[in-house]
Amino acid sequence: MWDSESESAAGRDYGNGDLSSSKQCFKTQGFELRDQSWYVATDVPSDLLVQVGDVHFHLHKYPLLSRSGRFNRIIYETRDPNITEVVLDDLPGGPEAFELAAKFCYGIAVDLTAANISGLRCSAEYLEMTEDLEEGNLVFKTEAFLSYVVLSSWRDSILVLKSCEKLSPWAENLQIVRRCSESIAWKACASPKGIRWSYTSKPPSVSSPRWNDNMKDSSPSRNQQVPPDWWFEDVSILRIDHFVRVITAIKVKGMRFELIGAAIMHYSAKRLPGLIEDVAAGLGDDVSGNNNGSSNSNSHSCSSNSWKGSLYMAVAGTGNQEDPPNVQAKDQRMTIESLISIIPPQKDSVSCSFLLRLLRMAVMLKVAPALVTELEKRVGMQFEQATLADLLIPTNSMSGTMYDVDLVQRLLEHFLIQEQTEASSPSRQPYLEKHRYDGAQRITGQNAKMRVALLVDSYLTEVSRDRNLSLTKFQVLAEALPESARTCDDGLYRAIDSYLKAHPTLTEHERKRLCRIMDCQKLSIDACMHAAQNERLPLRVVVQVLFSEQVKISNALANSTLKEPSEMNYQPIISNRKTLLEGTPQSFQEGWVAAKKDINTLKFELESMKAKYLELQNDMDVLQRQFDKISKPKNSSGLISGWKKLSKLTKSSALENQEIGSHIHGGGGGAATAAEQKSKAPRRWRNSIS
């Protein structure tokens, strides 16, 4: 894809990639292949048989000894001048690379390409074809081709790095992997403005651009906009260890972390079938807003893996029938561990859905616990972006539950810790507030908690159908969020009702304990209507629901009276409870009547208890007075008894005078005379007492 003008110059210096030795010892027209053996087309009979793998080469000693230090040591150190056979099973590059090296020793022109240069360079190092034996030997020429031709071209750097997969550790030791990775990283981070670009996977008819070419006005691609994800498709063909090297080098160059995260997601879509279904279709839109280039790139996939659409199929090894399931699972485990280690640490560098899918596979493939914990923390950083489908992770333990509720509990704890950390340091403004890769609006603070509360309630509703889910796990997860996170408890009520339906054997105490999680005052009218006739709820909870609904109705009526008359025309007020009940469904009215009977029964029992309490209190007072009489001393003084007799005499005399007065003075003046007699009587008694 990327080509430089120096590549053309280097091609001219090397005869357009043709290498040949400066001296030609044998007059030969080339090599001939017969069955599985190569023969030199010459009249001189061969005196050395070299076996590389399953291929035999019938060669001559002198051309090899003159240019290969390894053959010198093999032949002379054995001290057997009649040696006729040499086995090179560990030669890097295999028979193809040795064929080119042997042709070079015979002075035959060798065509160097990006496909064979890495193997030929490693085999030249293995055969010790250095400058000590001949000037311009194979090591020097292959190294020059790598440095001046391959590394200046984007496409050749990708192909050479891809060919290094079968050359470990020789390619690593010769720094081929490092140099190609840095070359790719440098070109990926270069400004794409003013360059012509095309994907590696496009047909060969598309001419490769030159990355340092000064674009002329006549260029047809001058005004073509290059998407920032133009390099995703090319690097996705690399093996995971080489991809990690490229991404690490790109990080050092300072590329934006959201682009690095997008490249990782694109690579995962290619190498891990079933992990991400929509990344290949929507990645170009997310990155550049223009999906023309992305659609072209996605239509020409360079990866050997095809979409399976199922995580279980990928883990079971159905993606490649020739590999045993355990081998493919091991490769996928290594891929996931490598991807986790290179995800940028910044928040929102990758989507939360991608992290959860990666976590799902990490749990199933038993990835290292430290990496799983790190991935859980990353999910907690952006937990508000999760969806219910991503949270339904099957359990991988012997707990018996269908879903891993403990995992979701840990994710929620990481989220709350992250929110508390951000709240304690409000000066920390993330980079994403100014640069959003996916264009979504940032959710922070209380809004994030409210969204997580809705997500947790939906998750509880889904997992509550599991009969093996314990009440403690359900309650702990429901109470993990603070009360302020839920403005409405409808979702929590739905989860509680679903749990009660799936666990009909709960005791009354357990049902009350479960319903204690819910705040009846936060239920909507629809939820209250359902709860009022829900037979699975305890009676006390039903009463609380009805009471809270009555309070709401009263508050609504009180608030409606404060509205202006103009508003009354558009918002009619329900005048009384009877009118409200007439407008409600018949099923709710029947439930209301039944609940009202229960309330009246409770009130009657309460009044009966109060009456019994008062009766017992009176009996207690009577017993107390009798006890006081018994406990008083009987020998009272004569003065006290005299006073008692005198008070009795006074009362009897007053009654007699009243009777006499009422008998004598009758008619209209009787009342005045009786009042006068009554007023004089005490004075007479006082005189008599004195």
Side-chain angles (χ1 to χ4, degrees), residues 1-4 7 114 150-162 180-215 219-238 242-271 276 278-303 342 344 349-350 435 437-439:
M1 170 170 178
W2 290 72
D3 293 318
S4 65
E7 178 180 352
V150 172
L151 297 181
S152 61
S153 170
W154 166 268
R155 182 177 182 275
D156 291 345
S157 299
I158 293 286
L159 294 178
V160 169
L161 188 57
K162 178 67 177 177
C180 289
S181 300
E182 291 183 354
S183 174
I184 295 170
W186 184 87
K187 293 176 176 62
C189 295
S191 176
K193 294 181 179 179
I195 65 169
R196 287 176 294 179
W197 60 274
S198 64
Y199 287 97
T200 299
S201 55
K202 283 194 173 183
S205 58
V206 180
S207 59
S208 297
R210 297 175 180 175
W211 63 272
N212 62 348
D213 188 11
N214 294 327
M215 298 301 293
S219 173
S221 304
R222 178 177 177 83
N223 297 325
Q224 185 179 5
Q225 184 180 2
V226 180
D229 63 341
W230 63 266
W231 53 277
F232 289 3
E233 188 71 20
D234 290 341
V235 299
S236 65
I237 69 174
L238 301 175
H242 294 161
F243 178 77
V244 170
R245 295 287 293 271
V246 171
I247 293 298
T248 304
I250 288 176
K251 286 182 179 180
V252 175
K253 303 295 181 184
M255 179 175 283
R256 290 184 299 163
F257 63 83
E258 58 267 27
L259 277 179
I260 296 177
I264 294 174
M265 290 191 292
H266 189 91
Y267 183 86
S268 302
K270 297 292 183 181
R271 311 299 290 193
I276 307 175
D278 56 349
V279 100
L283 192 58
D285 297 338
D286 293 338
V287 176
S288 61
N290 185 358
N291 60 357
N292 294 331
S294 298
S295 60
N296 292 335
S297 66
N298 294 327
S299 61
H300 302 281
S301 174
C302 295
S303 175
I342 62 174
S349 58
V350 293
H435 302 85
Y437 169 72
D438 56 358

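- In this structure the side chain of His266 never reaches within 4.5 angstrom of the side chain of Val235, judged on heavy atoms.
- Expressed to the nearest 0.5 Å, how far CD1 of Ile158 lies from CD1 of Ile184 amounts to 3.5 Å.
- The distance from atom CD1 of Ile250 to atom CH2 of Trp186, rounded to the nearest 0.5 Å, is 13.5 Å.
- Of all heavy-atom pairs between Leu238 and Lys162, the closest is CD2-N, 4.1 Å.
- Note: Tyr267 and Phe243 have parallel aromatic rings, judged against thresholds of 30 and 60 degrees for the angle between ring planes.
- Here Glu233 pairs with Lys270 in a salt bridge; the nearest charged N to carboxylate O distance falls below 4.0 Å.
- Of the inter-residue distances, the one linking Lys253 atom NZ with Lys187 atom NZ reads 10.0 Å to the nearest 0.5 angstrom.
- With Met255 as reference, Cys189 is the one residue of Pro344, Cys189, Pro228 to meet the side-chain contact (heavy atoms from CB on, under 4.5 Å) rule.
- Qualifying side chain to side chain contact (heavy atoms under 4.5 Å, CB included) partners for Ser181, counting only residues two or more places apart in sequence or in other chains: Leu161, Val177, Arg245, Val246.
- Going from atom CE of Met265 over to atom CD1 of Ile260 covers 12.0 Å, rounded to the nearest 0.5 Å.
- Applying the side chain to side chain contact (heavy atoms under 4.5 Å, CB included) criterion to Ala249, with sequence neighbours excluded, gives Ala185.
- Side chain of Ser349 to backbone of Gly261: no donor-acceptor contact under 3.5 angstrom is found.
- Of all the heavy atoms in Val150 and Ser157, the pair that sits closest is O-OG, 3.2 Å.
- The nearest pair of heavy atoms linking Ala188 to Trp230 is CA-CZ2, 3.9 Å.
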